Amino acid sequence: MRIGHGYDVHALAPDRKLIIGGVEIPHEAGLLGHSDADVLLHAICDALLGAAALGDIGKHFPDSDMKYFGISSVKLLEKTGELLKEKGYFVLNIDSTVLAERPKLSPYIETMRENIAAALKIEKDSVSVKATTEEKLGFTGEEKGIAAHAVCLITE
């Protein structure tokens, strides 16, 4: 068995859609990035790639490559799952946390779990998504950005 950890952060910006866990969430600002800037899926991709010693998301989906401009991070997660499968790995579980002062994410968490499980072709019960605030501290607490952590366990 192998464990991986991923972390991602994106700044909030006007005139962008807020997409977290493959879910478009109504909000006055979205996340700034080359793709759809889905911090949760990016952290999960990094955790999975790290567990398999395959580098990181930037190695496989560089922001210098225009074919990834505006791409859905669900597609990046699907491709990450395919990379693991090619190397003979299977995802046992994922545990993740999104750090955001607003909006409240609890109404969207089940759909996020479903999206992640579907992209990786695993059971929803193998995916945990949690959300927390940082009590108005730091850049997430000041609503300048949103961050996510993820850990995973994979096996051959």
Side-chain angles (χ1 to χ4, degrees), residues 4-87 89 91 93-122 124 126-132 134 138-140 142-152 154:
H5 174 261
Y7 173 77
D8 194 41
V9 59
H10 284 277
L12 282 161
D15 302 320
R16 291 277 300 192
K17 292 179 180 179
L18 179 59
I19 300 171
I20 301 175
V23 179
E24 186 174 336
I25 299 168
H27 195 56
E28 66 266 10
L31 295 171
L32 188 60
H34 185 72
S35 66
D36 63 5
D38 188 326
V39 293
L40 175 58
L41 299 189
H42 292 183
I44 291 171
C45 285
D46 266 348
L48 294 167
L49 292 166
L54 293 174
D56 63 18
I57 194 169
K59 175 182 175 181
H60 294 277
F61 316 109
D63 62 7
S64 58
D65 190 333
M66 287 308 292
K67 75 179 173 186
Y68 301 118
F69 182 77
I71 193 169
S72 167
S73 294
V74 172
K75 296 203 179 297
L76 303 181
L77 184 58
E78 288 170 350
K79 180 62 177 164
T80 298
E82 291 168 10
L83 289 169
L84 264 67
K85 186 177 179 181
E86 288 169 13
K87 294 291 184 179
Y89 291 111
V91 179
N93 79 305
I94 296 167
D95 184 26
S96 59
T97 305
V98 179
L99 296 87
E101 201 65 30
R102 287 186 322 112
K104 293 298 180 193
L105 300 178
S106 58
Y108 310 101
I109 285 179
E110 289 308 307
T111 306
M112 292 176 191
R113 291 178 63 218
E114 291 166 4
N115 291 345
I116 294 161
L120 293 171
K121 298 177 176 67
I122 61 175
K124 184 175 118 176
S126 297
V127 179
S128 172
V129 175
K130 303 176 301 295
T132 189
E134 291 197 286
F139 71 90
T140 61
E142 294 171 5
E143 298 185 46
K144 294 178 181 177
I146 295 177
H149 288 272
V151 293
C152 69
I154 64 173

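Model, not experiment: these values are computed from the prediction.
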Derivation and outcome, side-chain contact (heavy atoms from CB on, under 4.5 Å), residues T80 and H60: CA-CA 9 Å; T80 298; H60 294 277; over 6 Å; no
Taking the side chain as everything from C-beta on, heavy atoms only, tell me whether L105 gets closer than 4.5 Å to I25. yes
Main chain of Y68, side chain of D65: is a donor-acceptor contact present, judged purely on distance under 3.5 Å? no
A51 to C152 - nearest heavy-atom pair and separation: CB-SG, 3.8 Å
So H34 and F69, would you call those rings parallel, tilted or perpendicular, with 30° and 60° as cut-offs? perpendicular
Could you tell me if the side chain of F61 sits less than 4.5 Å from the side chain of K79, heavy atoms only? yes
Within this structure, what is the CD1-CD1 distance for the pair I44 and I116, rounded to the nearest 0.5 Å? 3.5 Å
Do you know the tightest heavy-atom contact between P14 and A29? N-CB, 4.3 Å
Evaluation steps, side-chain contact (heavy atoms from CB on, under 4.5 Å), between V9 and V39: CA-CA 6 Å; V9 59; V39 293; 5.5 Å; no
Shortest non-hydrogen separation from G6 to A47 and the atoms involved: N-CB, 3.5 Å
So does K124 have more than 12 non-hydrogen atoms from other groups sitting under 6.0 Å from NZ? yes
D95: what forms a salt bridge (charged side-chain N to carboxylate O under 4.0 Å, His left out) with it, not counting sequence neighbours? K130
If you apply the rule side-chain contact (heavy atoms from CB on, under 4.5 Å), what do you find for H10 with H42, and how did you get there? CA-CA 10 Å; H10 284 277; H42 292 183; 3.4 Å; yes
Do side-chain atoms of S126 reach the backbone of I122 as a donor and acceptor pair under 3.5 angstrom? no
From CD (E143) to CD (E28), nearest 0.5 Å: 7.0 Å
Starting at CG of L49, measure out to CD1 of I57 and round the result to the nearest 0.5 Å. 7.5 Å
Where do L84 and I154 come nearest, in terms of heavy atoms and distance? CD2-CG2, 3.9 Å
L41 side chain near V74 side chain, heavy-atom distance below 4.5 Å: yes
Are L31 and L12 packed together at the side-chain level, in the sense that at least one heavy-atom pair is separated by less than 4.5 angstrom? yes
Would a distance-only check, ignoring hydrogens and angles, find a side-chain to backbone donor-acceptor pair under 3.5 Å from D38 to G21? yes
With a 4.5 Å heavy-atom cut-off, do Y89 and L83 have their side chains touching? no
Please name the pair of heavy atoms, one in S35 and one in R16, separated by the smallest distance, quoted to 0.1 Å. O-NH2, 3.1 Å
Roughly how far, to the nearest 0.5 Å, is the CG atom of L48 from the CG atom of L54? 10.0 Å
Which pair of non-hydrogen atoms, one from K104 and one from E101, has the smallest distance, and what is that distance? NZ-O, 4.2 Å
Could you check whether K85 pairs with E82 (Lys NZ or Arg NE/NH1/NH2 to Asp/Glu carboxylate O, under 4.0 Å)? no
Spacing of S72 atom OG and E24 atom CD [to the nearest 0.5 Å]: 11.0 Å
Side chain to side chain contact (heavy atoms under 4.5 Å, CB included) with T97: of V129, V151, L40, T132, only one passes, and it is T132
Is any side-chain N of the basic residue among E78 and K121 closer than 4.0 Å to the acidic one's carboxylate O? no
With a 4.5 Å heavy-atom cut-off, do C45 and D8 have their side chains touching? no
How about S73 and D36: does a side-chain donor come under 3.5 Å of a side-chain acceptor? yes
Can you measure from NE2 (H149) to NE2 (H5) and round to the nearest 0.5 angstrom? 5.5 Å
Measuring only between side-chain heavy atoms, which start at C-beta, is I146 closer than 4.5 Å to L18? yes
